[in-house]
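The block underneath contains the structure these notes are about, expressed in structure tokens.
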Amino acid sequence: MTNYISNKKDYVVFSQRMAGYLMMNGCRLLKLKNDKNEPTKFVYFFPNTQYVLNHAEKYLVK
């Protein structure tokens, strides 16, 4: 895995379900990190593109 520096332009997701939904709909996961506050949980980083934003909005409307 290549080193990846978090970018403020990333779309950050804290929900495993939402991250799975985004990936199932073709959104590329850039990075996965352990949550600093909850070591048993993860933080998911996606590119901040219109494609990702559209799918995130669809998920949140459900």
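Please read these numbers as outputs of a predicted model, since none were measured by experiment.
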By side chain to side chain donor-acceptor pair (under 3.5 Å), Asp35 pairs with (sequence neighbours left out) none
For Glu38, which residues count as a side chain to side chain donor-acceptor pair (under 3.5 Å) partner, sequence neighbours excluded?
none
With sequence neighbours left out, what residues match Gln50 under side chain to side chain contact (heavy atoms under 4.5 Å, CB included)?
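By the side chain to side chain contact (heavy atoms under 4.5 Å, CB included) rule, Gln50 matches Leu53, Asn54.
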For Asn25, what residues pass the side chain to side chain contact (heavy atoms under 4.5 Å, CB included) criterion, not counting sequence neighbours?
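Asn25: side chain to side chain contact (heavy atoms under 4.5 Å, CB included) contacts with Tyr21, His55.
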Taking the side chain as every heavy atom from C-beta outward, state whether [X] and [Y] have any atom pair closer than 4.5 Å.
| X | Y | result |
| --- | --- | --- |
| Leu60 | Met18 | yes |
| Val52 | Cys27 | yes |
| Pro47 | Leu30 | yes |

Considering residues at least two apart in sequence or located in another chain, which fulfil the ring-ring contact (aromatic ring centres under 6.0 Å, His included) criterion with Tyr44?
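Here no residue qualifies.
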Please check this pair: side chain of Asn48 against backbone of Lys9, looking for a donor-acceptor N/O pair closer than 3.5 Å.
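Yes, Asn48 side chain to Lys9 backbone: donor-acceptor pair under 3.5 Å.
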Check the pair Leu22, Phe46 against side chain to side chain contact (heavy atoms under 4.5 Å, CB included), reporting the backbone distance first and the verdict last.
CA-CA 9 Å; Leu22 292 174; Phe46 292 90; 3.8 Å; yes
If hydrophobic clusters are built by linking Ile, Leu, Val, Met, Phe, Trp and Tyr wherever their side-chain heavy atoms come under 4.5 Å apart, do Leu29 and Tyr51 end up in the same one?
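Hydrophobic grouping puts Leu29 apart from Tyr51.
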For the CE atom of Met23 and the CZ atom of Arg28, what is their distance to the nearest 0.5 Å?
12.5 Å
Would you please test Val43 and Phe45 for side chain to side chain contact (heavy atoms under 4.5 Å, CB included) and show each step?
CA-CA 7 Å; Val43 180; Phe45 296 85; 3.8 Å; yes
